[in-house]
Engineer: 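Below you'll find the structure I mean.
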Amino acid sequence: MNSIVYLVPAFGAIGLLYTAWRFNWVANQPAGDDNMKKLSGYIADGAIAFLKAEWKILAYFAIPTALILAYLGSQTEANGIEIHSSPLIAVAFLIGAVFSATAGYIGMKVATKANVRTAQAARTSLAKALNVSFTGGSVMGMGVAGLAVLGLSGLFIVFYQMFAAGQPLTSVEMKKVIEVLAGFSLGAESIALFARVGGGIYTKAADVGADLVGKVEAGIPEDDVRNPATIADNVGDNVGDVAGMGADLFGSYVATILATMVLGQEINVTDNYGGFSPVLLPMLIAGVGLLASLVSTFFVRISNENASVQNALNIGNWASIGITFVASYFLVKNILPESLVLRGFEFTSDGVFYSIVVGLIVGALMSYITEYYTAMGKRPVNSIIEKSGTGHATNIIGGLAVGMESTVLPIIVLAAGIILSYKFAGLYGVSIAAAGMMATTAMQLAIDAFGPIADNAGGIAEMSQLPSEVRERTDNLDAVGNTTAATGKGFAIASAALTSLALFAAFVGIAGISQIDIYKADVLAGLFVGGMIPFIFSALAISAVGKAAMEMVNEVRRQFREIPGIMEYKTEPEYEKCVAISTEASIRQMILPGAIALITPVLVGFTMGPEVLGGLLAGVTVSGVLMGMFQSNAGGAWDNAKKSFEKGVVINGETFYKKSEPHKASVTGDTVGDPFKDTSGPSMNILIKLMSIVSLVIAPYIAVNGGHEHSATKETNKVSSVQTTKVSTFTKASALGQIASK
């Protein structure tokens, strides 16, 4: 293997150095007066308390899981088929789990420092407030991408030296390297799911409780210091939208690179890198994407109070995409040979580059479409505002309709992306398209994380009773942040769909199944069960928010009723009791949804076989993608419909503001949409990837028909191309299956 592979961990190290540098810059910005510092301290302490409680529970899950993986890794054969694994898969799993938790911690730590400093900066100018909040977001983005690139490439190098030094890419020793490396992705995605679900339950329980009692019943502003749930609400922004999102995209980033490496390991080529170019390419693309994002962070600037914050963020985003586009061309042309073959599908290096371009375009279009459906001033949000004029019920109807409609264009774009990337470079093209899309994760996450920081800054400004122009500036940032949060979730779910297809293809190859035949009753049953899982998962997550929110509502009402002087600013509410309610409820309620994602593939795979498990994965992927888009976009649209009333909206020729009846209807819609967009919706992309990764890890143990004899090996043994091409990830009619298997 060529020494170029050592560039990849170097790219990751550069990202982490940038993270440390910008973290120190944020920490050195002025943090305001003593009251602002005190409020910020409450938020930081609450976030740390939640993470410690969450990590304690996750340790109880991670250690037994690692022991099971170590046992499975020690097996040498199953069903008469040789297994290429090692007990070190448990070590990879634990490292992935720790890195995922660390990614979330970095984001949470910088967010709790940047929030109060953004509020203080907003006392000076909008430009300075954007600089502080976006820099905080970029620390998280670079930290997540740096850890992912460094961790995955570093482990790859270590495992290669341990198991396969000097061996060709398609050797059984390299299969062991890749399969052990899958443990890293499994650890990352497992922690990401619990972090996302637990953080989502926390933040929405507090948010719903604060809104229903504070804004609707007591008639006090959002983030008012008199509201006992307001600290818990601001803590939730950090543990859900920041720490949860950081762990989420860390897992997505790793899974995308790994999926491409799994497929690349099957390709037998002659190149200048010892035949390793198909495996090196996705890691190098991730590395240059990280550098492109790093450079592009310096383009996010505005010059005056009237400049568009959204345009500034868009410039940074497009710059990162453009740099990655150019760099990918030179990487592909200089690393890959002219011609490659995967499972009988012949393609060229140009086709691989075109697939990367498809991934970049799909990612950009998904962000643009999501922005359209969730941004203020656009038709979808305006339609919800209009329906708010006739009451709460019509607001809910309008939001649901917008969410359902918002799935159409993204699915068409996604389907076109899959077809085009497959046409250009087969299954490797689909996977490398996902890698191209995820290459700019650092920038996407920086843009996403800036929103919760701005939201917290607005909360601190309100609680500190800073001048109105400060809150106007933070509200400007927060409104854009709502849209960028929605576009980030659209980006994540699109990448999850492409990644899951690549993981699915890898699972099919390792499990040794030639097709997924839905004419078989058990496979069709698996398809239906898979389609159901995102619904029960969402139901559990939303129900958990409802239960915790009821506890929060009762506690806030109790404090308003029993503690005299709160409404007159004479007595400070008991914030810590609301923080404790959210913490305990989220930790307790996150376990069952997480268990469903982890246990279901194992039960189905070992009891029903790999083909039924393949049907399950197909069902959960399609259903999960649609549910994720629907819920995230509906929630984002409801939120910005509510925020539109702050500057006044016109309904049937009459202008309405906050505290009007249409505004109250919009608050109800936003309350319904909160668990959609911040709990169950964004969890869908982790759900479908985690189930695919679990299936990939257990595939050697449920394999049939010599599943480890990959197509590269078959080509080496000169088996006919007709036999090679029978491996397919697409469901075929049984008649076609009979023809293909002859």
Engineer: To check you understand the geometry: which heavy-atom pair defines the closest contact between G594 and F537, and what is its length?
Structural biologist: N-CE1, 4.5 Å
Engineer: Below 30° counts as parallel, above 60° as perpendicular, anything between as tilted: where do the rings of F50 and Y202 land?
Structural biologist: perpendicular
Engineer: Using a cut-off of 6.0 Å, state whether more than 12 heavy atoms not belonging to N24 lie near its atom CG.
Structural biologist: yes
Engineer: Passes side chain to side chain contact (heavy atoms under 4.5 Å, CB included), L477 versus L126? Steps please.
Structural biologist: CA-CA 8 Å; L477 297 176; L126 179 64; 3.9 Å; yes
Engineer: Got I43 and V116 here, is their nearest side-chain heavy-atom distance under 4.5 Å?
Structural biologist: no
Engineer: In this structure, are over 12 heavy atoms from other groups packed under 6.0 Å from F535 atom CZ?
Structural biologist: no
Engineer: How close do M684 and G624 get, heavy atom to heavy atom, and via which atoms?
Structural biologist: CB-O, 3.4 Å
Engineer: Taking the side chain as every heavy atom from C-beta outward, state whether V480 and F450 have any pair of such atoms under 4.5 Å apart.
Structural biologist: yes
Engineer: Start with the C-alpha distance between K689 and E189, add both sets of side-chain angles, then the distance that settles salt bridge (charged side-chain N to carboxylate O under 4.0 Å, His left out), and finish with yes or no.
Structural biologist: CA-CA 8 Å; K689 286 190 279 79; E189 287 289 0; 2.8 Å; yes
Engineer: Should the heavy atoms of other residues, nucleotides or ligands under 6.0 Å from NZ of K647 be counted, would the total exceed 12?
Structural biologist: no
Engineer: Any side-chain heavy atom of K109 sitting closer than 4.5 Å to one from F23?
Structural biologist: yes
Engineer: In Å and rounded to the nearest 0.5 Å, what is the CG to OG1 distance from N234 to T112?
Structural biologist: 12.0 Å
Engineer: Between CD1 of I48 and OH of Y105, what distance do you get to the nearest 0.5 Å?
Structural biologist: 4.5 Å
Engineer: State, yes or no, whether a side-chain contact exists between Q29 and K113 at a heavy-atom distance under 4.5 Å.
Structural biologist: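 Not in contact.
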Engineer: Could you tell me whether the side chain of R22 and the main chain of G136 form a donor-acceptor pair under 3.5 Å?
Structural biologist: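 Here the side-chain-to-backbone pair does not exist.
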Engineer: So, does N554 use its side chain to make a donor-acceptor pair with the main chain of M550 at under 3.5 Å?
Structural biologist: yes
Engineer: Counting heavy atoms not belonging to E386, are there more than 12 under 6.0 Å from its CD?
Structural biologist: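 12 or below, so no.
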Engineer: Checking I231 against M463 for the side chain to side chain contact (heavy atoms under 4.5 Å, CB included) test, could you report, in this order, the C-alpha distance in whole Å, the side-chain angles of both residues, the deciding distance, and whether it holds?
Structural biologist: CA-CA 9 Å; I231 293 294; M463 288 186 282; 3.9 Å; yes
Engineer: Measure across R117 and P30 and return the closest heavy-atom pair with its distance rounded to 0.1 Å.
Structural biologist: CG-O, 3.4 Å
Engineer: Under a 3.5 Å distance rule, please check whether S138 uses its side chain to pair with a backbone N or O of T135 as donor and acceptor.
Structural biologist: yes
Engineer: Looking only at atom types and distance, does a side-chain atom of T600 sit under 3.5 Å from a main-chain N or O of A597, one as donor and one as acceptor?
Structural biologist: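 No; judged by distance alone, with no hydrogens or angles, the pair does not exist.
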Engineer: Any side-chain heavy atom of K664 within less than 4.5 Å of one from V667?
Structural biologist: no
Engineer: Is there a donor-acceptor pair under 3.5 Å between the side chain of E574 and the backbone N or O of Q559?
Structural biologist: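 No: the side chain of E574 does not pair with the backbone of Q559.
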Engineer: Looking at R588 and E551, does any basic side-chain N land under 4.0 Å from a carboxylate oxygen?
Structural biologist: yes
Engineer: With rounding to the nearest 0.5 Å, note down the distance linking OG1 in T441 to CG in D448.
Structural biologist: 11.0 Å
Engineer: I447 vs F134, test: side chain to side chain contact (heavy atoms under 4.5 Å, CB included). Steps then yes/no.
Structural biologist: CA-CA 7 Å; I447 293 172; F134 179 75; 4.1 Å; yes
Engineer: If you round to the nearest 0.5 Å, how far is CD1 of I201 from NZ of K547?
Structural biologist: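 Reported to 0.5 Å precision, the distance equals 10.0 Å.
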Engineer: Sub-3.5 Å donor-acceptor pair from the side chain of D207 to the main-chain atoms of D233, do we have one?
Structural biologist: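 Side chain of D207 to backbone of D233: no pair is present.
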Engineer: Can you check whether K387's main-chain N or O pairs, donor with acceptor, with T394's side chain at less than 3.5 Å?
Structural biologist: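 Present.
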Engineer: Checking S383 against V402 for the side chain to side chain contact (heavy atoms under 4.5 Å, CB included) test, could you report, in this order, the C-alpha distance in whole Å, the side-chain angles of both residues, the deciding distance, and whether it holds?
Structural biologist: CA-CA 8 Å; S383 71; V402 166; 3.7 Å; yes
Engineer: When rounded to the nearest 0.5 angstrom, what distance separates OG1 in T583 from NZ in K52?
Structural biologist: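 It comes to 12.5 Å.
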Engineer: How about I587 and F194: do any of their side-chain heavy atoms sit closer than 4.5 Å?
Structural biologist: no
Engineer: To the nearest 0.5 Å, what is the distance between OG1 on T668 and CG on N395?
Structural biologist: 7.0 Å
Engineer: For G403, does its backbone N or O pair with a side-chain atom of T407 as donor and acceptor, under 3.5 Å?
Structural biologist: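 Not at all, since once roles are kept as given, no pair shorter than 3.5 Å links the two residues.
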Engineer: I'd like to check E462 versus T230 (side-chain heavy atoms, cut-off strictly below 4.5 Å). Are they in contact?
Structural biologist: no
Engineer: Minimum heavy-atom separation for C578 to M552, with atom names?
Structural biologist: O-CE, 3.3 Å
Engineer: Compare every heavy atom of P228 with every heavy atom of V556, then report the nearest pair and how far apart it is.
Structural biologist: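 Between these two residues, the closest heavy atoms are CG1-CD, 3.8 Å.
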Engineer: Donor-acceptor pair, R196 side chain versus D248 backbone, under 3.5 Å?
Structural biologist: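 Judged by distance alone, no pair lies under 3.5 Å.
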Engineer: Treating S100 as the side-chain partner and A97 as the backbone partner, does any N or O pair qualify as donor plus acceptor under 3.5 Å?
Structural biologist: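 No; judged by distance alone, with no hydrogens or angles, the pair does not exist.
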Engineer: Evaluate R123 against Q120 for side-chain hydrogen bond (donor to acceptor under 3.5 Å, both in side chains), listing each step before the verdict.
Structural biologist: CA-CA 5 Å; R123 303 176 84 161; Q120 177 64 18; 3.3 Å; yes
Engineer: Between S464 and L39, what is the shortest heavy-atom contact and its length?
Structural biologist: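 Residues S464 and L39, closest heavy atoms: OG-CD1, 3.4 Å.
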Engineer: Can you confirm whether I542 sits close enough to T679 that some side-chain heavy atom of one is under 4.5 Å from a side-chain heavy atom of the other?
Structural biologist: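 No, their side chains stay 4.5 Å or more apart.
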